[in-house]
Amino acid sequence: MTVPLARPKRKNPLARTTQPLLPPSARSRKAHGLTLAASVGRFMLQCCGECGRYTYPAREGCPNCLSSDLPFRDAPTGGLLLSETRTEVTSDPYFREHMPWRTGIVQLDCGPSVVTHLHGDFAGPGARVAMSLQLDRSGNAVFFAKPVSETPFMDDDPQWREMTADPRHRRVLITDGRGPLALPLAQVLKKAGAIKIFVGVADRWKSFDQQASLEAIEGVEIVDLDLTSERSVQELSMDIGAKVEILINTADHVRPAHLFDAGAANAAREAMDHTVMGLIRLAQAFGPVMRSRGADGAAGTVAWVNVLSVHGLSNVPQFGVHSAAHAACLSLSQWLRAELRTGGIRVVNAFAGPLDTEWFQTVPPPKVTPKALADAVLDGLKRGLEDIYVGDVAKDIEARLFDNPKAVEREAGQ
């Protein structure tokens, strides 16, 4: 039975920092189809287009009919636990720090048998399981088996927490307190058990609408943070950088502008300074210390979240500057992901459709409420996702980009 997670003890600042270690990461190119599924929270296996059988491990040809038509498709998540093993000693450096470790063999309802990581709340072989594909600390897909029915403190299982970025008992930095996301994010994170929530605000001497509501939440601390100032970002990093375990970058700068407008260049410069350069300043100030703290156990850093517009994937001319800035932020996020991977830090991109705010008044529905986006970010952290698509517009663009990117490009300008 899983025991509730106790609040981690405060780390001795004079103690030597343990070097972050990662689980084995060798994968074939074909196996990264599983990585794609795990990154968005889907359970997918190769399914033969000729005979319809699911197969695992990933391969080039169907073992049943030898067909080369083996696309990844959504598969049933149920299975039966055939056997389990509790490993007490290992030569692998990463798992040696997390002993004992539970693994087992599960017979999937769709056919294949897989070796999987096991949740601790199983009675033994013969139990029904709910399977998922998770991203481990190295960023690769692994199987994870959980009980079909909810159990007390299920999310506190140590092995499950290694696959996720649950904010419980962790300290979070939200970068833009004046934005519409700050208050709903602080509320859902506090409800999820975050012990400290730093909210960055530029020009703190200027009051803002949700200031009183933020300050009323226990554990919220408003701090000086101006993403357009390298000095401001560096000073905050020196003050709280060693405390932040989850960083959520909500910075945005929405200004409608057409490419041939006289002021388009200035609008683009301002948007890039707030978003793109702001992300670079954050990465340089907070990235190294977060990467070095990836091995601090329950008190270690776990995630960096970038809230992006889905139109960073496909430019919409009405908000062309905004789309271009977020496209650049997406590229930076991929760069940041590569840099932080050595510390086992998960970089999450939350792609949202138009928000229900004043800057998108002229955009027809459906729109995304700030509360819905905050809930989606929390859900992604608790499930260990890497890419989150929030709202009907974002999910539609995701599906259509997968099917026909050129059609998305052409239809965006109509």
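Atom set for the values below is all heavy atoms of this structure, side chains included, hydrogens, waters and symmetry mates excluded. We number each residue from 1, following the sequence as shown.
Under 3.5 Å, the side chains of Ser333 and Asn306 contain a donor-acceptor pair of N or O atoms. With no hydrogens or angles considered, a side-chain donor-acceptor pair links Asn140 and Ser138 at under 3.5 Å. In summary, the side chains of Asp226 and Ser232 do not present any donor paired with an acceptor at a separation below 3.5 Å, with no hydrogens or angles considered.
Between the side chain of Arg281 and the backbone N or O of Gln234, no donor-acceptor pair lies under 3.5 Å. When atom types are taken as modelled, the side chain of Arg346 and the backbone of Leu135 share a donor-acceptor pair closer than 3.5 angstrom. For Arg86 (side chain) and Arg102 (main-chain N/O), no donor-acceptor pair under 3.5 Å exists by modelled atom type. Of the possible donor and acceptor atoms, one in the side chain of His326 sits under 3.5 Å from a partner among the backbone N and O of Ser309. Between the side chain of Asp166 and the backbone N or O of Arg168 there is at least one donor-acceptor pair closer than 3.5 Å. Checking side-chain atoms of Ser132 against main-chain N and O of Gln134 turns up no donor-acceptor pair under 3.5 Å. Between the side chain of His311 and the backbone N or O of Gly353 there is no donor-acceptor pair closer than 3.5 Å. In terms of modelled atom types and a separation under 3.5 Å, the side chain of Gln361 and the main chain of Glu358 share a donor-acceptor contact. Without hydrogens or angle criteria, Thr301 side chain to Met290 main chain gives a donor-acceptor distance under 3.5 Å. Side-chain atoms of Lys206 never come within 3.5 Å of backbone atoms of Ala202 as a donor-acceptor pair (strictly under, hydrogens ignored).
To the nearest 0.5 Å, atom CG of residue Leu181 and atom CD1 of residue Ile174 are 9.0 Å apart. Going from atom CG of Asp155 over to atom CG of Leu5 covers 11.0 Å, rounded to the nearest 0.5 Å. Considering NE2 of His322 and CZ of Arg255, their distance stands at 10.0 Å, rounded to 0.5 Å. We find the CZ-CH2 distance between Phe95 and Trp101 to be 5.5 Å, quoted to the nearest 0.5 Å.
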Identify every side-chain donor-acceptor pair in residues 239-248 under 3.5 Å, counting partners at least two apart or on other chains, and give the distances.
unit_1, atom_1, unit_2, atom_2, d
Glu245, OE1, Arg171, N, 2.7
Glu245, OE2, Arg171, NE, 3.3
Glu245, OE2, Arg171, NH2, 2.9

Hey, can you pull the donor-acceptor pairs under 3.5 Å for the side chains in residues 33-54, sequence neighbours left out?
unit_1, atom_1, unit_2, atom_2, d
Thr35, OG1, His32, ND1, 3.0
Ser39, OG, Leu36, O, 2.7
Arg42, NE, Asp74, OD1, 3.2
Arg42, NH2, Asp74, OD1, 3.4
Arg42, NH2, Asp74, OD2, 2.7
Gln46, OE1, Arg59, N, 2.9
Gln46, NE2, Arg59, O, 2.9
Gln46, NE2, Leu70, O, 3.4
Arg53, NH1, Asn64, OD1, 3.3
Tyr54, OH, Asp74, O, 2.8

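In this structure the side chain of Lys191 never reaches within 4.5 angstrom of the side chain of Val188, judged on heavy atoms. A 4.5 Å side-chain heavy-atom check between Ile217 and Gln187 finds at least one atom pair inside the cut-off. Between Thr103 and Leu118, the closest side-chain pair of non-hydrogen atoms is not below 4.5 Å. Within the 4.5 Å cutoff, no side-chain heavy atoms of Ile345 are placed close to those of Val302.
A centroid separation of 6.0 Å or more is found between the aromatic rings of His117 and Trp160.
Aromatic ring orientation, Tyr94 versus His98: tilted (interplanar angle from 30° to 60°).
Annotation: Ile105, atom CD1; neighbour count of heavy atoms from other residues, nucleotides and ligands within 6.0 Å does not exceed 12.
Under the 4.0 Å criterion applied to side-chain N and carboxylate O atoms, Lys371 and Asp375 are assigned as salt-bridge partners.
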